[in-house]
Amino acid sequence: MYVAGSTCPDGSPTPPDVSKCTVDGLDQWAKAAPHNASVRFSGQTAVRITETQ
């Protein structure tokens, strides 16, 4: 998962210059506040989630 902010869904800071996070805590992150995201699918599986501003 790529995030637009400085915090990953699990609460950890994003890695420097990457903004790539694991999906740990994704459910709680999505429920906590509205987010705009682009999702790329392969069949029925999301293969890339990118938060947009």
Side-chain angles (χ1 to χ4, degrees):
M1 167 158 194
Y2 294 87
V3 296
S6 61
T7 305
C8 291
D10 65 0
S12 65
T14 56
D17 302 324
V18 180
S19 296
K20 183 177 179 181
C21 302
T22 67
V23 294
D24 294 340
L26 180 63
D27 290 344
Q28 294 82 6
W29 177 83
K31 291 175 184 176
H35 298 277
N36 293 320
S38 170
V39 182
R40 183 181 303 166
F41 288 91
S42 176
Q44 293 183 341
T45 303
V47 294
R48 182 175 180 160
I49 303 169
T50 306
E51 180 185 27
T52 58
Q53 289 280 356

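All residue numbers refer to positions in the sequence shown, counting from 1. Computed from heavy atoms alone, side chains included, the values below leave out hydrogens, waters and symmetry copies. Just so we're clear, the structure is a prediction, and the values are computed from it rather than from any experiment.
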With rounding to the nearest 0.5 Å, note down the distance linking CD in Glu51 to SG in Cys8.
10.5 Å
Minimum heavy-atom separation for Val47 and Phe41, please, with both atom names.
CG2-C, 4.2 Å
Among Thr7, Ile49, Val3, Leu26, find the one that has a side-chain contact (heavy atoms from CB on, under 4.5 Å) with Cys21.
Val3
Please determine whether residues Val23 and Val39 belong to a single hydrophobic cluster, defined as Ile, Leu, Val, Met, Phe, Trp and Tyr linked transitively by side-chain heavy-atom distances below 4.5 Å.
yes
